Amino acid sequence: MRIQSVATLTLATALFASTIGSAVAMERKVQINNLTSYTIVEFYASNTGTSDWQEDILGSDVLPSGSSVSINIDDGSGYCKYDFLAVFDDGDQLVSADNNVCELDNFDFTD
């Protein structure tokens, strides 16, 4: 009976580890599409649940109206759910919460 319990525990541990490995290995590149009439001057992505927006991913670059950029939204945490914040050249801000970057290929900011 004890051998069966150890084998079951070993199998469960292997399945758990392979599931975690799959989540960690998932691609987190998202193409951000600016379909608004304004230039995005700052873009932030922080894992859902945190109150800190980290750093502006665009840095000194901007994302003009009608343009796109591919961004690797991987902070090393293994999280898949992120909130996005875009700051536009007119001062407006747009937040989109709970985006699954492990499944999302494209994200559109629209007017």
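When a residue number appears, it is its place in the shown sequence, counting from 1. None of these values were measured; they are calculated from a predicted model.
Note on residues 58-79: no pairs pass ring-ring contact (aromatic ring centres under 6.0 Å, His included), not counting sequence neighbours.
Partner Tyr82 forms a side chain to side chain donor-acceptor pair (under 3.5 Å) with one of Asp74, Asp75, Asn100, Thr50 and no other, that one being Asp75.
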Would you tabulate the side-chain donor-acceptor contacts of residues 86-94 under 3.5 Å, counting partners in other chains and residues two or more places apart, or write 'none'?
unit_1: Asp90; atom_1: OD1; unit_2: Asp92; atom_2: N; d: 3.0

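Across all non-hydrogen atoms, the minimal contact from Ala45 to Ile73 is CB-CG2, 3.7 Å. Between Val69 and Leu58 the shortest heavy-atom distance is CG1-CD2, 4.5 Å. Of all heavy-atom pairs between Asp83 and Trp53, the closest is O-CZ3, 3.3 Å. Considering every non-hydrogen atom in both Ser77 and Asn47, the closest pair reads OG-ND2, 3.9 Å. Contact record, Phe84 with Leu104: CE1-CD2, 4.2 Å, taken as the closest heavy-atom pair. For the residue pair Leu63 and Ile32, the shortest heavy atom distance occurs at CD2-O, 3.8 Å.
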ask   = Does the pair Phe109 and Phe43 meet the rule for a side-chain contact (heavy atoms from CB on, under 4.5 Å), with working shown?
value = CA-CA 11 Å; Phe109 281 104; Phe43 177 77; 3.7 Å; yes

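Remark: the backbone N or O of Tyr38 is paired with a side-chain donor or acceptor of Thr36 at under 3.5 angstrom.
Using a 4.5 Å heavy-atom cutoff, the side chains of Arg28 and Cys102 are in contact. Tyr44 places a side-chain heavy atom less than 4.5 Å from the side chain of Asp56. Under the 4.5 Å side-chain criterion, counting only non-hydrogen atoms from C-beta, Val30 is not in contact with Ile71.
For the atom pair Glu55 CD and Ser46 OG, the distance stands at 9.5 Å (nearest 0.5 Å). In this structure, CG in Asp105 is found 9.0 Å from CD in Gln31, a value given to the nearest 0.5 Å. Atom CG of residue Leu85 and atom CD of residue Glu42 lie 7.5 Å apart, to the nearest 0.5 angstrom.
Side-chain N/O atoms of Ser65 and Asn34 include no donor and acceptor closer than 3.5 Å. Judged purely by distance below 3.5 Å, without hydrogens or angles, the side chains of Asn33 and Ser68 pair a donor atom with an acceptor atom.
Clustering ILVMFWY residues whenever any of their side-chain heavy atoms sit less than 4.5 angstrom apart, transitively, puts Val95 in the very cluster that holds Val41.
For Ser37, the side chain to side chain donor-acceptor pair (under 3.5 Å) test picks out Asp111, with sequence neighbours left out.
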